[in-house]
Structure formats: structure tokens, C-alpha cells
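Take a look at the structure set out below.
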Amino acid sequence: MKLAKLGDDPEIFHTLQGEGPGAGMPAVFIRAATCNLHCVWCDSDHTWNFEGTPWPHAKDALPTYGKYRRSEVVIGIDPAAAARRILAFACPRVVITGGEPLLQQAAFLALIRHLRRERPDTFIEVETNATRIPSPGFADAVDQFNASPKLANSGVDEALRLRPAALAWFAASPKAWFKFVVAQAADLTEIQRLRERFGLPAGRILLMPEGRTAADLDRTAPWLAELCRANGFRFCDRLHIRLWGDRRGV
Ligand code: SF4
């Protein structure tokens, strides 16, 4: 499997889940390299914003920011070796994130099988942009999908970020939650349209403020909380940003 690289190691670390229905719970994160989207505000841009690609990013204006050399940010590892690293943390909750993990379903399914062989109670969350349909074996092995369909505020073409068959699959799955990154109040119109079109269950929709600093979140949180209250959605903060900022590996 191809993982993001943290120093000389694969990006596997023990932390608190910062987002979604499992927010606040201790978990081991494992970060897939590569993504099929290129969201302009992505905070895991080291998984896809490689040299030679044309995608813009919100950080382009920073003098210190540049595209990543693929060999410096991507590392290959055998699923069994990745499982051993995860098991060393002795934590029963694992979050497979990215990048887009569903681009490597066979490898992650092998990883889950290695984990459950040693620790049958391992709870598996998968963060996904909901553009790919999980294979039957992968869908069966995963406990919870944190599906995050991207809105126009991502800067990605609609044809790439909204895949009707995949979204319909997640809408029908009792394992799926829907987490939308909200940058402006107008995003709610788009979310409501998706909810109606695909029958997304309102009780499993979470709205999360866009932002890579606590100050960003504080600007958006008050009016977003009010939108959630008025529309019956769940508010979702970004705990890891408040605790550790935009740092990797925590
Ligand atoms: S789908 Fe997720 S990982 Fe991929 S570019 Fe968008 S925010 Fe980043």
C-alpha cells in the first residue's frame, strides 16, 4: 500500500479522532497517499499536490509553500507491516484516512484482516470523499464510513467530486455518516439539494467549519451552529485543530 510519509516513516500515529461521530475518541490514524480530488483548502495536500500537477492550493500565496516531490512524501509498506505498527499502539480504534483510501481498497482490506486476526474487537473508521463505491468485502469489514462529499467551495469540478452511484451507495448504507465542510452560509443550499436528491439521512449529516486554525473555526462556528440547530443537522468541530493546530502526526 502507498501511505503518506512522515519523516522517514509511514504516517501512522496515535491521537484523538478530531472530527465526525467518533470525535474525542483515542484512535490510531493511518494515512493513504494519493487522492482523486484536489480540494483547494485540503489540509492533507501532501497526499496529492505533487510536482508536475496543475492544481492550485490556498497555501500557494505563502512564500514557503510549494508542491511536494512525490518520493519525499509517499512510502510503500506491506499491509502486514502496517498492521504491526498499528497494533503496537494497543488501541482498538483505527481511522483509515487520506488522501482517498478507497483508491486502495484491496490493500486496506488486507490490513483490516491482519488487525482483526490479532485483535478481533478493532473498530475501523474510513474517511472518504464518497466518489468510489466500496467493494462488498471492504464494505463488510469497515464499521463506519465518514463520507465527506465535496461542495463547490472545494474548487473541484462537480463531475469529479459528485459521483451519483457512489453517493447513492453511501446514502443507503447504515454505516455511513455525511460530513460537509462549510465555508459560507450559501453552502447549505447545496447540502440540502444533495440531501433531497440522494435521500441522505438528516440525523447522520454533520456540518463542519472549514478552517486550518482555531481563529478560522471561531469565525464560522457561531453561525454554522445556528444553521445546524435550525435544520436538524449535527455540528462538528475540528478538535485536532484546536488542540494541535495544522501539525501533522498528532
Ligand atoms: S478529498 Fe480529502 S484528501 Fe482529497 S483533496 Fe479533498 S480534502 Fe484533500
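Values below: every heavy atom of this structure, side chains too, minus hydrogens, waters and symmetry copies. Ligands are counted one by one from 1 in listed order, and the atoms in each one are counted from 1 as well.
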Quiz question: by atom type and distance under 3.5 Å, do the side chains of Asn153 and Glu190 form a donor-acceptor pair?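 No - no donor-acceptor pair under 3.5 Å links their side chains.
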Counting heavy atoms only, name the option from Cys39, Gly98, Pro149 that's nearest to atom 5 (S) of ligand 1.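 Result: the heavy atom closest to atom 5 (S) of ligand 1 is in Cys39.
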Taking the side chain from Arg161 and the backbone from Lys150, do they hold a donor-acceptor pair closer than 3.5 Å?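 Checked: pair present.
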Could you tell me the residue and atom name of the protein heavy atom closest to atom 2 (Fe) of ligand 1, and the distance to it rounded to 0.1 Å?
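Checked against all protein heavy atoms, atom 2 (Fe) of ligand 1 sits closest to Lys150 CE, 4.0 Å.
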Considering only heavy atoms of [X], which atoms of ligand 1 have at least one such atom less than 4.0 Å away?
X	result
Asn129	1 (S)
Cys42	3 (S), 5 (S), 7 (S), 8 (Fe)
Trp48	5 (S), 8 (Fe)
Cys35	1 (S), 3 (S), 4 (Fe), 5 (S)

Within 2.8 Å of atom 4 (Fe) of ligand 1, is there any N, O or S atom belonging to His38?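 Here the distance criterion (N, O or S atom, under 2.8 Å) is not met by His38, so no.
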(Q) For Phe145 and Trp169, I'd like to know if the aromatic rings sit close, meaning centre-to-centre distance below 6.0 Å. (A)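 Between Trp169 and Phe145, which both carry aromatic rings, the centre distance is below 6.0 Å.
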Please report the C-alpha distance between Trp55 and Phe50 in whole Å, then the side-chain angles of each, then the deciding distance to 0.1 Å, and finally whether the ring-ring contact (aromatic ring centres under 6.0 Å, His included) criterion is met.
CA-CA 9 Å; Trp55 318 121; Phe50 305 135; over 10 Å; no
Give the ring-plane orientation class for Phe89 versus His14, where under 30° counts as parallel, over 60° as perpendicular and anything between as tilted.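 Ring orientation, 0 to 90° scale: parallel.
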Judged by non-hydrogen atoms, does Ser44 sit under 4.0 Å from ligand 1?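 Ser44: no contact with ligand 1 (<4.0 Å).
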Check your understanding: More than 12 non-hydrogen atoms from neighbouring residues, nucleotides or ligands closer than 6.0 Å to NZ on Lys67, yes or no?
Key ->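 More than 12 heavy atoms, drawn from other residues, nucleotides or ligands, come within 6.0 Å of this atom.
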